[in-house]
Protein chains: 2
Amino acid sequence: MEPTFVRFDDVHPFALAEGVSGRPLFGSRTMLNLIEFEPGAVVPLHNHPHEQLGIVLRGMQALVVDGVARELRPMDGYILPGGVEHCAYCGPDGALVLDIFQPVREDYRERWEQAAL
Amino acid sequence: MEPTFVRFDDVHPFALAEGVSGRPLFGSRTMLNLIEFEPGAVVPLHNHPHEQLGIVLRGMQALVVDGVARELRPMDGYILPGGVEHCAYCGPDGALVLDIFQPVREDYRERWEQAAL
């Protein structure tokens, strides 16, 4: 892989859930996903084997784990180990969040490539 | 590892270079490092085997690879494969940057733990 430079504004988005879209950047061993939540959008309960780290950049994103909702605001970060069931919702102003996954989510790559067609 | 939630403002910083400090969040397989550049600060030429991805959040960070400087601004992202020699500098207003490394930089963990003493 070569050094790569992108403007996230130029990366086409793909749908993560209703009102939630992601702009990914795929490394060979880890990836970023810049996520935009429209006001009031929700990511339903799910889990994945990938380790997930993240940081809220704008607005409020709540992460719900084991039935406990944590409201996260700009410069709040998190680690969700692989396999932890979680859902997410945002506040009335939406949210901008950066998620990191290890390893790369090949399911996201497929969906992102499909979204370009 | 358990699900973990942090405020980066509450994470103590460690020095990366003169005028450059980082606030890390260590997962088990990947890590974040929220980096603050003071105006005009420079990270000297270096390399590491870890894959590095990142995004500029505020200000301007230039990454220099193979003698070519790329000036990166908010919502610009990058991938530096392991082993690629690079240096960085910021503009007159400083910069806030999020770096991601895979695997975890144990050298950073040691320096961060030392910085708490």
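Numbered from 1 within each chain, the chains take letters A, B, ... in sequence-line order.
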Rounded distance (nearest 0.5 Å) linking atom CE of B:M75 with atom CG of A:D9: 8.5 Å
Spacing of CZ belonging to A:F5 relative to CG belonging to B:L63, to within rounding of 0.5 Å: 5.5 Å
Single-linkage hydrophobic cluster A:L98~A:Y89, side-chain heavy atoms < 4.5 angstrom: no
Common cluster, B:F37/B:V65, ILVMFWY with side-chain heavy-atom separation under 4.5 Å: yes
Hydrophobic cluster identity match, A:V20 and A:M60, side-chain contacts under 4.5 Å: no
B:E51-A:T30 side chain donor-acceptor pair, cut-off 3.5 Å: no
Nearest heavy-atom neighbours spanning B:L25 and A:L53: O-CD2, 3.7 Å
Flag if over 12 foreign heavy atoms under 6.0 Å of CG, A:D107: yes
Same apolar cluster (I L V M F W Y, side chains within < 4.5 Å links), A:V64/A:V43: no
Side chain / backbone / both / neither for B:V6 at chain A, heavy atoms under 4.5 Å: both
CG-CD1 distance between B:L32 and A:I79, expressed to the nearest 0.5 angstrom: 7.5 Å
B:R7 side, atom CZ; A:R73 side, atom CZ - distance, nearest 0.5 Å: 8.5 Å
Side-chain touch B:P3/A:P81, heavy atoms, less than 4.5 angstrom: yes
Heavy-atom contact with chain B under 4.5 Å, split by part of A:F26: backbone
Within one Ile-Leu-Val-Met-Phe-Trp-Tyr cluster: A:M31 and A:V11, side-chain cutoff 4.5 Å: yes
More than 12 heavy atoms of other groups within 6.0 Å of B:E38 CD: no
Minimum heavy-atom distance between A:P103 and B:R29, given as atom pair plus value: CD-NH2, 3.8 Å
CD (A:E110) with more than 12 external heavy atoms under 6.0 Å: no
For chain B, the option from A:D10, A:L80, A:I55 that forms the most heavy-atom pairs under 4.5 Å: A:I55
Contacting region of B:R70 [heavy-atom separation from chain A under 4.5 Å]: side chain
Contacting region of B:Q52 [heavy-atom separation from chain A under 4.5 Å]: neither
